[in-house]
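Working notes for the structure below.
In what follows, chains are A, B, ... by sequence order, proteins preceding strands, each numbered from 1.
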2 protein chains.
Amino acid sequence: MASRRARSPTESVSLRETLVSAGLEQRLADLLDQMQHRVVYVEPRRPFREQGAPRDEVMFVRSGILSKYKSDATGRRQIVALRFPGEGILPVEGPAQYGIQAIVRCEVLVGKAKDFNPIVEENPELQRFFWRLLQRNESIGYEWLVNCGRRDSTARVAHLLCETAVRLHVGNGHMVNPFTQQQIADITGQTSVNVNRVLADMERQGLIKRKGREIEFSDWDEMRRVASFQPAYLQN
Amino acid sequence: MASRRARSPTESVSLRETLVSAGLEQRLADLLDQMQHRVVYVEPRRPFREQGAPRDEVMFVRSGILSKYKSDATGRRQIVALRFPGEGILPVEGPAQYGIQAIVRCEVLVGKAKDFNPIVEENPELQRFFWRLLQRNESIGYEWLVNCGRRDSTARVAHLLCETAVRLHVGNGHMVNPFTQQQIADITGQTSVNVNRVLADMERQGLIKRKGREIEFSDWDEMRRVASFQPAYLQN
DNA sequence: CGGTTGTTTGAACTGATTCAATCTGTGTGG
DNA sequence: CCACACAGATTGAATCAGTTCAAACAACCG
């Protein structure tokens, strides 16, 4: 336990637990847990890390959702990746080509690259763990490209909702949709106006029911079909 | 030198040279060069590796261009990544979520994952090399997402051409365009018909000149502006 | 209550697709 | 050298999906 901040009594955050819940063996999680790290709370709507800044940190999401985003020269914003609880963002050498912002309020564990890298280098099993993590992220990135490049508006939104449900481990067909319509637009490469129409359409067609931010998948199979969602790419 | 096939006198292919030209130190390239590998020639237009097949191989492109692609359930095809000479495709555990096909005729060096992985694990410097490679690929993937999600038709094609020129180390503003218009469409998420119109427009506007497959960048600065091409993401 | 953030709706517009036909260049076999 | 096949490039016309702009509405919060 090397967290820099005092732990409040109600707060059960530890890096070890976070990693174990992400599928890492206890023994290996213990190794990383010795790394100096601190807990940061990230609020949505305000920039957390800027595009172009050095990124010599490891981050692991404990709760909430983080997004990586890029802005085009013309100012249009695209979210290029999401990090759900248990997932992380690894350090890069030199300036990062993307910014980081929260989708919803996040609890994030942050460590330093210079502490993190040697631990990983010394442990082949940790290497393999993070290697697989990178490959899963790559796989998700490819699926997002197919989504943006080749699917129509409805399928894109449906696909994002399916993926989100799986990554949040929603079991009962009932999910509190974490995204604003603008965020869905920024992920799927559309306008928020159109996302609104698509969601309304999906409800009219009986694919989902909505109450405020809650979404119920009334017909999961049909939803998957519309989205052409094949979850294999997530199980990498 | 452990290449399985006899080397013809005119053939100067070696894994070591390929890696050194990709920026790897001689000493480290020598280590990998000891790995069993063979030379394969990959023809465009016919599938080389199928989506869903196991991918327990390392590949390095010696000449030509390889593509990774995915097909949507509706059959629409999206190219999700390119590999230029000196670049490689690393093995994944389990079935691959993408197929591999040549853009133009390729010379590819293929080795086995079970030979490759231990060599990398034993050498922290090799790890770091491939780690950076993965991060560069990630960075390019993010840029492609911005391209597909947030740029208009012209900018997408222009951006692909700019990126290709840089990755091919074209210095004189003159490039033999390696892509068919259908391939450009499959990368940028459009139809070949529209790509044709976009290219014609770009020529009319004096951004490029075309002779068959040859492209001359008449106004590189303007081209970059139209594409909003910031090459930093390639130098990762 | 006023301020802020997010959702919903309408009308006009436009960029890209679709479908179909034609044209061009290249390689192959007779 | 010609005929034929084939891959790719080009063009037109009709259509449509998604954007843009603008305004109104709802929910939340200090």
(request) Give me the ring orientation class for A/Phe229 and A/Trp220: parallel if the planes are under 30° apart, tilted from 30 to 60°, perpendicular past 60°. (result) perpendicular
(request) Using atom types as modelled and distance alone, determine if a side-chain donor or acceptor of B/Arg210 lies under 3.5 Å from a backbone N or O of B/Glu203. (result) no
(message) Using the side-chain heavy atoms of A/Val193, tell me which of these nucleotides is nearest: C/dT9, C/dT7, D/dA9.
(response) C/dT9
(request) Looking only at side-chain atoms of B/Thr180, point me to the closest of D/dA9, C/dT7, D/dG18. (result) D/dA9
Quick one: [X] [atom1] to [N] [atom2], roughly how many Å, whole number?
{"X": "B/Ile184", "N": "C/dA16", "atom1": "CD1", "atom2": "P", "answer": "15 Å"}
{"X": "B/Glu43", "N": "D/dA7", "atom1": "CD", "atom2": "P", "answer": "14 Å"}
{"X": "A/Asp201", "N": "D/dG18", "atom1": "CG", "atom2": "P", "answer": "10 Å"}
{"X": "B/Glu214", "N": "D/dA9", "atom1": "CD", "atom2": "P", "answer": "14 Å"}
{"X": "A/Asn194", "N": "C/dA11", "atom1": "CG", "atom2": "P", "answer": "17 Å"}
{"X": "A/Asp152", "N": "C/dA16", "atom1": "CG", "atom2": "P", "answer": "17 Å"}
{"X": "B/Gln181", "N": "C/dC23", "atom1": "CD", "atom2": "P", "answer": "18 Å"}
{"X": "B/Arg150", "N": "D/dG18", "atom1": "CZ", "atom2": "P", "answer": "13 Å"}

Under 4.0 Å from OP1 or OP2 of [N]: is there any side-chain N or O of [X] that close?
{"X": "A/Thr191", "N": "D/dG18", "value": "no"}
{"X": "A/Arg151", "N": "D/dA17", "value": "no"}
{"X": "B/Arg210", "N": "D/dT10", "value": "yes"}
{"X": "B/Arg45", "N": "D/dC6", "value": "no"}
{"X": "B/Gln182", "N": "D/dG8", "value": "no"}
{"X": "A/Asn196", "N": "C/dT7", "value": "no"}
{"X": "B/Arg213", "N": "C/dT26", "value": "no"}

(message) If the test is salt bridge (charged side-chain N to carboxylate O under 4.0 Å, His left out), which one of A/Arg150, A/Arg151, A/Arg156 qualifies with B/Asp72?
(response) A/Arg151
(request) Please confirm whether A/Lys68 makes a cation-pi placement over A/Tyr98, using NZ or CZ under 6.0 Å from the six-membered ring centre and within 45° of the ring normal. (result) yes
(message) Determine whether a donor-acceptor pair (one donor, one acceptor, N or O, separation below 3.5 Å) exists between the side chain of B/Arg197 and the base of D/dG12.
(response) yes
(message) Base, sugar-phosphate or nothing for B/Arg76? Non-hydrogen atoms, less than 4.0 Å.
(response) sugar-phosphate
(request) Run through B/Thr191, B/Thr188, B/Asn194, B/Val195 and flag the one making a side chain to side chain contact (heavy atoms under 4.5 Å, CB included) with B/Ser153. (result) B/Asn194
(message) On DNA chain D, does the nearest nucleotide to B/Ser192 precede the nearest nucleotide to A/Gly189 from the 5' side, or the other way round? Give the residue.
(response) B/Ser192
